[in-house]
Amino acid sequence: MNREGSFAEKIHTYVAMIPFGRVMTYGQLAALAGSPRAARQVGGVAHYGPEGLPWQRVVNKHGGMAAGFPGGPSAQAEMLVAEGVTLNAQQCLDIERLIWWPPEDSD
DNA sequence: GGGCTGACAGCCT
DNA sequence: GAGGCTGCCAGCC
């Protein structure tokens with residue numbers, strides 16, 4: 001996986017691996033890609049990246065919706081709810097419970 | 001070809 | 001304990 005070498009490629013790979021009804025954070029993806037501080041870039045990769053990936057499963061560390069998600073935060077929230085994810089009145093999810101980490105032996 | 005922006009997170013003051 | 005700045009890297013102008 002990570003032998004791709006490309007930061008964006010890793011992000012794409014991990015996002016595609018997120019199971020149904022689970023989520024990951026920008027910081028997670030950035031760290032897994034090799035740059036724990038590159039959370040911003042994860043947003044950029046997501047925005048300019050392929051649309052075939054479950055970007056709605058990518059949320060910020062507060063468990064909130066992404067800022068520039070197509071259709072707005074409400075659209076992302078709806079997609080997550082459709083997957084069985086429960087959100088509170090603030091459209092925030094239980095990040096500590098729904099967060100997902102990829103298997104270490106995935107490679 | 002170079003520089004700026006951008007869907008966030010972590011550390012410092 | 002809270003607020004503000006820096007860091008990261010791909011894509012677009």
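Numbered from 1 within each chain, the chains take letters A, B, ... in sequence-line order. The structure displayed is predicted, hence computed values, not measured ones.
The shortest distance between side-chain heavy atoms of A:Val59 and A:Leu80 falls below 4.5 Å. Taking the side chain as every heavy atom from C-beta outward, A:Lys10 and A:Leu29 never approach each other to under 4.5 Å. Here the side chains of A:Leu53 and A:His12 are in contact, with some heavy-atom distance below 4.5 Å.
If you measure from atom NZ of A:Lys10 to atom C1' of C:dC8, you get 13 Å, rounded to the nearest angstrom. Note: NE2 (A:His12) to P (B:dA7) measures 16 Å, nearest angstrom. Atom CD1 of A:Ile11 and atom P of C:dC8 are 15 Å apart (whole Å). Rounded to a whole Å, the CZ atom of A:Phe69 is 13 Å from the P atom of B:dC8. The nearest whole Å value for the distance from the CZ atom in A:Phe7 to the P atom in C:dG7 is 16 Å. Per the geometry, CD1 belonging to A:Ile99 stands 10 Å off P belonging to B:dA9, to the nearest Å. Summarising the geometry, the separation between NE2 on A:His62 and C1' on B:dC8 is reported as 9 Å, rounded to the nearest angstrom.
Taking atom C1' on both C:dG3 and B:dA7, the two are 22 Å apart, rounded to the nearest angstrom. One P atom belongs to B:dG1, the other to C:dC9, and the distance between them is 22 Å to the nearest Å. Straight-line distance between the P atoms of C:dT6 and B:dC4: roughly 15 Å, to the nearest whole Å.
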What N/O pairs connect the protein and nucleotides 10-13 of chain B at under 3.5 Å? Give each pair on its own line.
unit_1 : atom_1 : unit_2  : atom_2 : d
B:dG10 : OP1    : A:Lys61 : NZ     : 2.9
B:dG10 : OP2    : A:Lys61 : NZ     : 3.0

Using nucleotides 1-5 of chain B, report all nitrogen or oxygen pairs with the protein that are shorter than 3.5 Å.
none

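The shortest heavy-atom contact between A:Gly64 and A:Cys92 is CA-SG, 4.0 Å. The shortest non-hydrogen separation linking A:Val45 to A:Phe7 is CG2-CD2, 4.3 Å.
Taking the nucleotide of DNA chain C with the nearest heavy atom to each of A:Ala39 and A:Gly44, the more 5' of the two is matched to A:Ala39. Taking the nucleotide of DNA chain B with the nearest heavy atom to each of A:Val59 and A:Gln41, the more 5' of the two is matched to A:Gln41.
With B:dA7, C:dC8, B:dC8 as the choices, the nucleotide that has an atom nearest any side-chain atom of A:Asn60 turns out to be B:dC8. Of the listed nucleotides (B:dA7, B:dA9, B:dG6), B:dA7 has the atom at the smallest distance from the side chain of A:Ala46.
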* Structure fact -> Dot-bracket for DNA chain C, 5' to 3', Watson-Crick and G-U pairs with both distances under 3.5 Å, [ ] for crossing pairs, | for partner on another strand, reads .||||||.|||||
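Under a hydrophobic-cluster definition in which Ile, Leu, Val, Met, Phe, Trp and Tyr are linked whenever side-chain heavy atoms come within less than 4.5 Å, directly or via other members, A:Leu93 and A:Val81 are assigned to the same cluster.
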Residues 34-42 of chain A side chain polar contacts: donor-acceptor under 3.5 Å, at least two apart:
none

Going by atom type alone, with no hydrogens or angles, which donor-acceptor pairs under 3.5 Å involve a side-chain atom of residues 18-28 of chain A and a protein atom two or more places apart or on another chain?
unit_1  : atom_1 : unit_2   : atom_2 : d
A:Arg22 : NH1    : A:Ile99  : O      : 3.4
A:Thr25 : OG1    : A:Gln28  : N      : 3.1
A:Gln28 : OE1    : A:Thr25  : N      : 3.0
A:Gln28 : NE2    : A:Trp100 : O      : 2.9

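Within 6.0 Å of CD on A:Glu78 lie no more than 12 heavy atoms contributed by other residues, nucleotides or ligands.
Among the atoms of the strands shown, only primed sugar atoms or phosphate atoms (P, OP1, OP2) are found under 4.0 Å from some heavy atom of A:Ala67.
A donor-acceptor pair is defined here as one N or O able to donate and one able to accept, closer than 3.5 Å; such a pair exists between the side chain of A:Trp55 and the backbone of A:Pro50.
A:Glu83 meets the salt bridge (charged side-chain N to carboxylate O under 4.0 Å, His left out) test with A:Arg57; sequence neighbours excluded.
Taken from OG1 in A:Thr86 to CG in A:Leu98, the straight-line distance is 7.5 Å, to the nearest 0.5 Å.
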